[in-house]
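Have a look at the structure below, then the notes.
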2 protein chains.
Amino acid sequence: MTGRVLVTTHPFGEIDRDPIELLEKQGIPFTLNPVKRRLREQELAEMIGPYEALIAGTEPITEAVLGRSENLRLIARVGIGLDSVALVTARSRGIAVTYTPSAPSPAVAELAVAQMLALLRRTVTVDTEIRHGEWHRRIGRRLGRMTVGVIGAGRIGRLVIEHVKGWSARILANDLVRDPEFSRLSGFTWTDVETIYRDADIITLHVPLTSRTRGMIGARELAMMKPDAILINTARGEIVDEAALVAALRSRPGFSAALDVFEEEPYSGELITLSNCILSAHMGSATRDCRLLMELEAAQEVVRHFRGEPFAIPVPEEEYAIQAESHTRP
Amino acid sequence: MTGRVLVTTHPFGEIDRDPIELLEKQGIPFTLNPVKRRLREQELAEMIGPYEALIAGTEPITEAVLGRSENLRLIARVGIGLDSVALVTARSRGIAVTYTPSAPSPAVAELAVAQMLALLRRTVTVDTEIRHGEWHRRIGRRLGRMTVGVIGAGRIGRLVIEHVKGWSARILANDLVRDPEFSRLSGFTWTDVETIYRDADIITLHVPLTSRTRGMIGARELAMMKPDAILINTARGEIVDEAALVAALRSRPGFSAALDVFEEEPYSGELITLSNCILSAHMGSATRDCRLLMELEAAQEVVRHFRGEPFAIPVPEEEYAIQAESHTRP
């Protein structure tokens, strides 16, 4: 066993030592993220050289980084998004990539619904007001009376739809790929995204970050939304034009947003000055059960690599195709 | 038409003018709450003299107040709780009392679930942290993996159960009155309250305030709860011993609570200094749809009074019996 593993995702093995014990039991040496936050591209490039496998968070595993990864054979992503990994380059260098697409979904879906309910009732604002000696009985809105627009009806979006159906809300959904089986079964309305922007009281994003979704919510789309619309982003920061969002939140006090993801993380930008948004720290998948499952699944892929066994969930061909397509676009 | 109406509940007719227009159209003169917050006992006693009907919030309509209400013939409560009304005295003075027990339920149930989700993920704390330049990816818990204890399985408690079932949480329930039909149908476990205190990850209170529920959650009950239990109170402040709750929150950082109701409202006590609680401003019923329905239903009862028609929802006999019982107790 000559392999060495770099664990860049953070935290890892903190809620439950199982993933760490799995590596230890197999005698696989590993190094935990020394800075305890998302590594920057340059930091990762400087560290990656000696390692054979990466248990990866969302840090940028770019062409430049991979150019320094002489020994790397496996990137085991803890999570679902692959926008941070230069997949085509990885393949050309003979580096396998695995991910854990199902494990985080329930936690992300719950956070999306939690933030919808919080914004409908302005609970965060009211908590702050009471702590500052103010007592306003704000009249909110009820999820059961809302039209909820779900953009991206994959693993997470479908769970959001299931939760929201329990409140008898009206649901509009859209996806790049329309799955006729799903739409027939689930009792909601498939529609185009522009209808969602215009008609939904709540718009929640569950698409991956690709060249097609980058900046998909910009000034034009924000202007189409209702004055009191609620936007939820638990997907990727780059899907929303943050400057345009700040402008919309500033100019329309009835409009509100909950953001778990940002163009730059850790986030410390202008949104922190606005009271009609709720901010969280890219913790959509961060529940004990989902996080543990993600970490375990990634660690198991690393074990498989060192044992020479086939991977459980290698990244599918279509993900490579999406990235290849975006590279050939102008 | 000689009647005059005092509207003490606040706000009234703000989200929608329908309730006000209903009174105006009938030519019923009314006065809106001049202080725009819950009236104190003495304030109400000084105002109430000339009025024939009250559209009432949760202000104390005590024996002393009723002693000054020479002209009062109707108390139309906007809401479900009757702890604020001296029912037996009202009856002895020939004052009818109506209420709107169903209208607020969906909004209260939604707030309870909203606050469960918020505490499970610590979203309020994280929002504050980011606004202070801190970025911690907190690992939360997922509602679907929790045991939820619902104390009080009336209109609101049953809706909470329905919502939480959608997340496949394990549900324990208790009520003063056990409805065998309901427990057979609904797929959760009826149990005693002590089992709920000990076993539940989340405990949510949906009982009325009576002599039997006043102070039911005290130091002893709090000590039985798990170190990381979550307590939700959207019912009445007096059901929880607030001093004991403050002590529990101080000594057990993993324990948390969401409070919409307080012994004294507006609230400005010690809880505002604690980060493991979320505070809201007695706004369980405060969604546009529920609030409008409550206001309309109360205004319609006032119209019925002046027309000499029977009331739609007079307070039932059992509510008088509960209060009579508490008065004869030592």
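Residue numbering restarts at 1 for every chain, and letters A, B, ... go by the order of the sequence lines. Being a predicted model, the structure only gives us computed values, none of them experimental.
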Show, in sequence, the C-alpha distance, side-chain angles and deciding distance for Arg137(B) and Ser285(A), and conclude whether the side chain to side chain contact (heavy atoms under 4.5 Å, CB included) test is met. CA-CA 10 Å; Arg137(B) 296 186 68 190; Ser285(A) 64; 4.2 Å; yes

Rounded distance (nearest 0.5 Å) linking atom CD of Glu110(A) with atom CE of Met116(B): 11.5 Å

Relative to chain B, which of Pro106(A), Ala286(A), Ala258(A) shows the most heavy atom pairs under 4.5 Å? Ala286(A)

Spacing of Cys290(A) atom SG and Arg145(B) atom CZ [to the nearest 0.5 Å]: 7.5 Å

Under a 4.5 Å heavy-atom cut-off, does chain B meet the side chain of Leu292(A), its backbone, both or neither? neither

For the residue pair Asp127(B) and Val124(A), what are the closest heavy atoms and their distance? OD2-CG1, 3.7 Å

Could you tell me which portion of Ser268(B) (side chain, backbone, both or neither) has an atom closer than 4.5 angstrom to a non-hydrogen atom of chain A? neither

Contact class of Arg121(B) relative to chain A, heavy atoms under 4.5 angstrom: both

In terms of heavy-atom pairs under 4.5 Å with chain B, which of Leu117(A), Val113(A), Asp289(A) leads? Asp289(A)

Heavy-atom closest pair (Pro266(A) atom, Trp135(B) atom, distance to 0.1 Å) is CB-CG, 3.4 Å

Please rank Leu271(A), Ile139(A), Val126(A) by heavy-atom pairs under 4.5 Å with chain B and give me the top one. Ile139(A)

From OG1 (Thr128(B)) to CD1 (Ile272(A)), nearest 0.5 Å: 11.5 Å

If you count heavy-atom pairs under 4.5 Å with chain A, which of Lys36(B), Glu129(B), Glu265(B) comes out on top? Glu265(B)

Under a 4.5 Å cutoff for heavy-atom pairs, which residue among Gly144(B), Gly133(B), Ser280(B) has the most contacts with chain A? Ser280(B)

Where does the angle between the aromatic ring planes of Trp167(A) and Trp167(B) fall among parallel (under 30°), tilted (30 to 60°) and perpendicular (over 60°)? perpendicular

To the nearest 0.5 Å, atom OG1 of Thr123(B) lies from atom CE of Met283(A) at 6.5 Å

Below 4.5 Å, heavy-atom pairs only: which of Arg37(B), Arg122(B), Gln115(B) has the largest tally toward chain A? Gln115(B)

CD1 of Ile130(A) to NE2 of His282(B): how many Å apart, nearest 0.5 Å? 11.5 Å

Which donor-acceptor pairs under 3.5 Å do the side chains of residues 228-237 of chain A make with protein atoms, sequence neighbours left out?
from, atom 1, to, atom 2, distance (Å)
Asp228(A), OD2, Arg141(A), NH1, 3.4
Asn233(A), OD1, Ala235(A), N, 2.9
Asn233(A), ND2, Arg236(A), O, 3.1
Arg236(A), NE, Asp83(A), OD1, 2.8
Arg236(A), NE, Asp83(A), OD2, 3.3

Under 4.5 Å, counting heavy-atom pairs only, tell me which of Pro11(B), Ala109(B), Cys277(B) racks up the most with chain A. Cys277(B)

Atom pair NE2 (His163(A)) and CG (Leu143(B)), whose distance is rounded to the nearest 0.5 Å: 8.0 Å

On a heavy-atom basis, the closest approach of Leu279(A) and Arg131(B) is CG-NH2, 4.1 Å

With distance as the sole test, does Arg288(B) use its side chain to make a donor-acceptor pair with the main-chain N or O of Arg142(A) at under 3.5 Å? no

With a 4.5 angstrom heavy-atom cut-off, could you sort out which part of His136(A) is near chain B: side chain, backbone, both or neither? backbone

Can you say whether Leu159(B) sits under 4.5 Å from chain A via the side chain, the backbone, both, or neither, judging by heavy atoms? neither

Under a 4.5 Å cutoff for heavy-atom pairs, which residue among Leu120(B), Leu274(B), Asp260(B) has the most contacts with chain A? Leu274(B)

Taking side chain as everything from C-beta outward and backbone as N, CA, C, O, which of these in Glu134(A) sits under 4.5 Å from a heavy atom of chain B? Side chain, backbone, both or neither. neither

More than 12 foreign heavy atoms under 6.0 Å from CD of Glu21(A): is that the case here? yes

Can you tell me which portion of His132(B) sits under 4.5 Å from chain A's heavy atoms? Options are side chain, backbone, both or neither. neither

